[in-house]
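From a predicted model like this one, the values you see are computed outputs, not experimental measurements. Chain identifiers are assigned alphabetically (A, B, ...) following the order of the sequence lines, protein sequences preceding nucleic acid strands; residue numbering begins at 1 within each chain. Just the heavy atoms: all of them, side chains too, but no hydrogens, waters or symmetry mates, feed the values below.
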2 protein chains.
Amino acid sequence: MVLDGQDRWRLNNALPISSQIYALLRDRIVRNEFAPGERISEAEIAKLCEVSRQPVREAFIKLAGENLLEIRPQRGTIITKIAYTAVLDARFLREAIEADIVSILASRSDTALVRELRDQVSRQRELGQSRSAEFIQLDEHFHHTLAQEAGKGGAWKLLEGLKSQMDRVRFLSLSQFPIGRLVAQHSALVDRIERGDVSGANAAIRTHLREVLTDLPSILAANPQFFDLPDGTVLQPANAPIQGGIDHEH
Amino acid sequence: MVLDGQDRWRLNNALPISSQIYALLRDRIVRNEFAPGERISEAEIAKLCEVSRQPVREAFIKLAGENLLEIRPQRGTIITKIAYTAVLDARFLREAIEADIVSILASRSDTALVRELRDQVSRQRELGQSRSAEFIQLDEHFHHTLAQEAGKGGAWKLLEGLKSQMDRVRFLSLSQFPIGRLVAQHSALVDRIERGDVSGANAAIRTHLREVLTDLPSILAANPQFFDLPDGTVLQPANAPIQGGIDHEH
DNA sequence: GCTACCATACTGCCATACTAGTACTCAAAA
DNA sequence: TTTTGAGTACTAGTATGGCAGTATGGTAGC
C-alpha cells in the first residue's frame with residue numbers, strides 16, 4: 001500500500017471508529033487510490049490510524065460485503081479488481097430503478113422540484129470541464145434528489161452498495177468525462193419532467209446512464225490491470241440496448 | 001429472546017465461527033423465529049453458542065448491513081421490523097432485473113435449459129399444497145437458475161441482500177401460499193421461453209412476482225406488530241402497476 | 001402522589017493477547 | 001543445480017477484559 005508520506009490518518013471522535021475507517025477506506029478504494037489486486041492488512045491500517053485492529057477488522061467486513069475487499073482467511077486481504085460483469089450488472093439495475101423514478105416524477109409535475117433541479121443543473125454547468133471530481137459529487141446529489149422526491153429514497157439506499165463497482169469505473173474515467181454532454185442531458189431530463197413527458201423522461205434517463213459507461217471498453221484497454229475479466233469475455237459496448245428488450249404492461 | 005429450551009446452538013468447525021453465527025441468525029430472522037422489535041444481545045448469543053462475543057459481533061454487523069438488525073450504540077440491538085416500503089422497493093428491483101433475465105432467455109431458446117426448467121416445475125408440482133416451506137426453496141432455486149443461465153448470476157448475488165425483507169414476508173404468508181397458481185405461472189413462463197415469446201415471458205414473470213406479495217395487506221393486518229409503517233402510509237395493493245408507467249426504447 | 005436524582009445493571013465499542021494457518025527465506029541434502 | 005524442509009514472519013480468527021454511554025428501578029425530597 002502507498003502510504004501518504006508518514007502521516008497518520010486523522011479521525012474525529014463523533015462517530016464510532018469502525019464507521020470512520022469504513023468510510024475512509026471505501027472512499028479511497030472507490031477513487032482507485034489503492035491498486036486493485038494490492039494487499040491490505042488490518043494491522044497496517046490500524047497502525048496508520050493509531051487504533052487497534054478490531055475496528056479496522058469490522059470495517060474490512062463491511063467492505064468485503066460490498067465486494068471491495070476479498071478477505072482470505074489466514075492469507076491476507078486484497079483490494080478486489082473491478083469486476084467487469086458486475087459493472088454491467090450494476091448499470092442494468094440502476095437503469096431500471098431510475099427509469100421508474102423519473103416516470104413517477106414526470107407524472108406529477110412538481111414545480112418546486114423542477115426549480116430545485118434547475119438550480120442543481122446550473123451549478124453543474126458552472127463547474128466547467130476541469131472539475132470532474134466535484135462534478136461526480138453534484139451528479140450523485142442530482143440523482144439522489146430524483147430518488148428522494150419520488151419516494152424511493154429507501155430503494156436508493158439499497159442500491160448504494162451495488163453502485164460501488166460502477167463508481168470505481170467513473171473515477172477511472174475522470175479525465176475523459178464529457179461533462180458538458182452530461183449536464184445537457186440532465187437539463188433535457190428536467191425539461192421533460194416539467195412537461196410531464198413520461199416516456200420522454202424515461203428515454204432521457206436511460207440514455208444518460210448509458211453515457212456514463214460509454215467509454216468502458218477504452219478504460220479497460222487503458223487499465224487492464226484494474227479489471228477482473230471472466231474467461232472468454234467478449235468485449236462489447238457497455239451502452240448496447242438490453243438484449244431481448246423490455247416490455248412492461250400497464 | 002426465546003431460547004430453544006436450554007440447548008446450545010451447535011456449530012461445526014469447518015467454517016469461521018462468525019460465518020456460522022451469521023447464517024444461523026439470518027435464517028432464524030428471515031423465518032420470523034425472532035419477533036421483530038425484540039432485543040438481542042451479543043453476550044446472550046455468545047453464551048448460547050459457547051463462543052466469545054467477538055464473532056457474534058461480526059455476525060451482527062453483517063446482519064445490520066442487510067437491515068435485519070439495528071445496532072444502537074450503547075443501547076442495544078434489536079430485530080428490525082419488516083419495513084413495509086422496503087418490501088415494495090425490493091419487489092420493484094427484483095421485477096426489473098428478472099424481467100430482463102427472462103427476456104434474454106426467451107430470445108435464445110435453449111432446449112437444454114427448457115428441459116431443466118420443466119424438471120424443476122414438475123418437482124414443484126409434486127410437492128402439493130401442504131409443503132410451503134419446501135416450495136420456497138424450490139422456487140428460490142428456479143429463479144436462481146433463470147438468472148444463472150442468462151449470465152446474470154452476479155446480479156442475482158447482488159440482489160440477495162435486498163431480498164431479505166421480501167423473504168420475511170414470504171415466510172409470514174406461508175399458510176396462504178397459492179402454490180398451485182405459482183407453479184402454473186412457472187410453467188407458463190417456461191412455455192413462453194421455449195416459444196421465444198419475449199414480451200410474453202416478460203409479462204409472465206412480472207405477473208408472477210406480483211403474485212407473491214398479493215396478500216401483503218392482509219398479512220400486514222394479521223401481523224401488525226411485525227411491520228414498520230412510516231407515518232401516513234396509505235395501504236394499497238402491492239401488485240398495483242408501477243406509477244407513471246415504464247417505457248423502454250429498443 | 002409526583003418529580004428529581006442516583007446507583008446499578010446492562011449495552012455495544014475498543015484494546016490487548018493469543019491461536020492457528022499460510023507464505024516466504026534460506027540453508028542443507030540429493 | 002535442484003529439491004526439500006525447517007524456521008520465521010507474516011496473516012486473519014478468536015477470547016477476554018475494561019471502558020463509556022444508556023436504560024431502569026428505586027429512593028429521597030417535595
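When the nearest nucleotides of DNA chain C are assigned to A:R75 and B:A43 by heavy-atom distance, the more 5′-ward of the two goes with B:A43.
One atom, CD of B:E50, and another, C1' of D:dA15, lie 14 Å apart when rounded to the nearest Å. In this entry the distance linking CD1 of B:I17 with P of D:dA12 reads 18 Å, nearest Å. Rounded to a whole Å, the CD atom of B:E42 is 14 Å from the C1' atom of D:dA15. Distance NZ (B:K47) to P (C:dC10): 11 Å, rounded to an integer number of Å. Residue B:R39 contributes atom CZ, which lies 7 Å from atom P of C:dG12 at whole-angstrom precision. The distance between atom CZ of B:R72 and atom C1' of C:dC10, rounded to the nearest whole Å, is 13 Å.
Between A:T77 and the phosphate of D:dT11, there is no side-chain N or O to OP1/OP2 separation shorter than 4.0 Å. Put simply, B:S41 has a side-chain N or O that comes within less than 4.0 Å of OP1 or OP2 on C:dT11.
Under the 30°/60° scheme for interplanar angles, the aromatic rings of A:H186 and A:H208 are found to stand perpendicular.
Interface remark: the B:Q74 side chain does not form any donor-acceptor pair with the D:dG21 base, using a distance-only criterion of under 3.5 Å. Remark: the B:R53 side chain and the D:dG18 base include a donor-acceptor N/O pair separated by less than 3.5 Å.
The B:I71 side chain lies nearest to C:dG12 when the options are C:dG12, D:dA12, C:dC14. Closest approach to the A:S18 side chain among C:dC14, D:dT14, C:dA15 is made by C:dC14 (side chain taken as heavy atoms from C-beta onward).
For the contact set between residues 54-69 of chain B and DNA chain C, defined by any heavy atom under 4.0 Å, the members are B:Q54, B:R57.
Inter-residue side-chain proximity for B:L138 and B:Q120 is flagged as unmet; no heavy-atom pair is nearer than 4.5 Å. The side-chain heavy atoms of A:L216 and A:L88, taken from C-beta on, include a pair separated by under 4.5 Å. Residues B:I45 and B:F60 have side chains in contact (heavy-atom distance under 4.5 Å, counting atoms from C-beta outward). Between B:R26 and B:S164 there is a side-chain heavy-atom pair separated by less than 4.5 Å.
Because its NZ or CZ atom is both nearer than 6.0 Å to the ring centre of A:Y22 and within 45° of the ring axis, A:K62 counts as a cation-pi partner of that residue.
Between B:E140 and B:R170, at least one side-chain N (NZ, or NE/NH1/NH2) sits under 4.0 Å from a carboxylate O, which counts as a salt bridge.
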